[in-house]
Number of protein chains: 2
Amino acid sequence: MSRSGADLALLLLGGFRALVDAASAELADRGYEDVRPVHDFAMRAIAAGADSASELGRRLSITKQSAAKTIAVLQERGYVARDTDPRDARRKRLQVTELGFDVLRQGEAIFDELRDQWAQRIGAAELESIEDHLTALAGAQPVRFDTPGWIARDIGEPA
Amino acid sequence: MSRSGADLALLLLGGFRALVDAASAELADRGYEDVRPVHDFAMRAIAAGADSASELGRRLSITKQSAAKTIAVLQERGYVARDTDPRDARRKRLQVTELGFDVLRQGEAIFDELRDQWAQRIGAAELESIEDHLTALAGAQPVRFDTPGWIARDIGEPA
DNA sequence: CGACAAAAGACAGCCAGGGTGTCTATTATT
DNA sequence: AATAATAGACACCCTGGCTGTCTTTTGTCG
């Protein structure tokens, strides 16, 4: 049965949301109710070397001001620390805190568990085939993870 | 090569965005620069029978107030008409205009063209296999298409 | 070395598309 | 007839994006 292009797009979105919603719910169950997917993603980038608002903005393909906003939230919640950069007085250097790393580790484990479940349901080879195809079709572009609103929202919806 | 669960989620999102961004850009090229994916989706639901703000909200799994907001935008732009419902004085009956149907038809054609391109790149059977698997994994859940911000944004990003 | 350009972060205000709360009018149910 | 449920309108809020502006600091160039 051949589907419409719009159905395909919605299936991809549905798959994404199934994973992300499940991961967010599990993280909330583990005590991290205030961690949105975009926060997790930003922390990953910071942990990977984006140690300033401007660099984080470049990594996430968003403006430095938006990045700074996210950083402020993460700092407020104790996931990220921000101090002056000894090498450059203009900059503030970012670091993921121990708490932040704990979120990252747990998030990683949860996502991998969810993926395993998918592999068990459709077969590991099939899942890898999907991943390879998607990589070929869309994986070359850096995916923009900007997720205002819905993906950053509290779990427990819809209204 | 086995990937992480988070990578899988991002691949799905990347695929979705590749399709949606391309479709939005093409629609804009055809003169519909003010049509966001969420607008297209809302119009589909209205055309399919969601003839009131409350029903549209239920279809999209959003509040009636949010639905009303989207409707107001669509009405303003001439894609949807809203008049009193002769059967129920509480209601406003919604209808997609001719202009709105034109957007829907073009959007449909564009998405199908994009899907065909994918089928040509990875093979029609492979693409259908992906669709079937995704349907099995996540297709049973109504996907919430609420897309504040990024997906509703103008084409031409990132900044 | 000085002038100028580029970069950093902070501050301010704006936006889209979600949300909640409240209200009045209408319809449905008991 | 009384009450419950529903509709839309209005108001305000939120998140995570955006743009513009500013001052300070660093880098580049003549």
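By convention in this document, chain letters (A, B, ...) are assigned in the order of the sequence lines, proteins followed by strands, and residues within each chain are numbered from 1.
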Comparing nearest nucleotides in DNA chain C, the 5'-proximal residue of the pair A:K69, B:R87 is A:K69

Find the distance [X]:[atom1] to [N]:[atom2] and express it as a whole number of Å.
X: A:I62; N: C:dG9; atom1: CD1; atom2: P; result: 13 Å
X: B:I71; N: C:dA16; atom1: CD1; atom2: P; result: 17 Å
X: B:R77; N: C:dG17; atom1: CZ; atom2: C1'; result: 12 Å
X: A:R82; N: C:dG9; atom1: CZ; atom2: C1'; result: 9 Å
X: B:L56; N: D:dG8; atom1: CG; atom2: P; result: 10 Å
X: B:D34; N: C:dA16; atom1: CG; atom2: P; result: 12 Å
X: B:D85; N: D:dT6; atom1: CG; atom2: P; result: 17 Å
X: A:E76; N: D:dC14; atom1: CD; atom2: P; result: 13 Å

Taking the side chain as C-beta and beyond, is there a heavy-atom pair between [X] and [Y] under 4.5 Å?
X: B:T70; Y: B:F41; result: no
X: A:L134; Y: B:F16; result: no
X: A:D7; Y: B:E131; result: no

Given [options], the nucleotide with the shortest approach to the side chain of [X]:
X: A:A89; options: D:dT26, D:dG17, C:dG17; result: D:dT26
X: A:K64; options: C:dG9, D:dG8, D:dG17; result: C:dG9
X: B:R91; options: C:dG9, D:dA7, D:dA9; result: D:dA7
X: B:R90; options: C:dG13, D:dG8, D:dT6; result: D:dT6
X: A:D88; options: D:dT25, D:dA9, D:dG8; result: D:dT25

- Query: At under 4.0 Å between heavy atoms, what does B:A68 touch on the DNA or RNA strands: base, sugar-phosphate, or nothing?
  - Reply: nothing

- Query: Looking across every strand, which nucleic acid part, if any, lies under 4.0 Å from A:R93 by heavy atom: base, sugar-phosphate, or nothing?
  - Reply: nothing

So, does the side chain of A:Q65 form a donor-acceptor pair with the base of D:dG16 at under 3.5 Å?
no

* Does any N or O donor sit under 3.5 Å from an N or O acceptor when you compare the side chain of B:K92 with the base of D:dG8? -> no

Is there a side-chain polar atom (N or O) of [X] under 4.0 Å from OP1 or OP2 of [N]?
X: B:T70; N: C:dG18; answer: yes
X: A:T63; N: D:dC18; answer: yes
X: B:H39; N: C:dG17; answer: yes
X: B:S66; N: C:dG19; answer: yes

Heavy atoms of A:L60 and A:A42 approach each other most closely as CD1-CB, 4.3 Å

Nearest heavy-atom contact between A:S4 and B:E108 is CB-OE2, 4.2 Å

* Asked: Are B:Q106 and B:D102 close enough, and set up right, to give a side-chain hydrogen bond (donor to acceptor under 3.5 Å, both in side chains), and what steps lead you there?
  -> CA-CA 6 Å; B:Q106 297 207 31; B:D102 190 49; 3.2 Å; yes

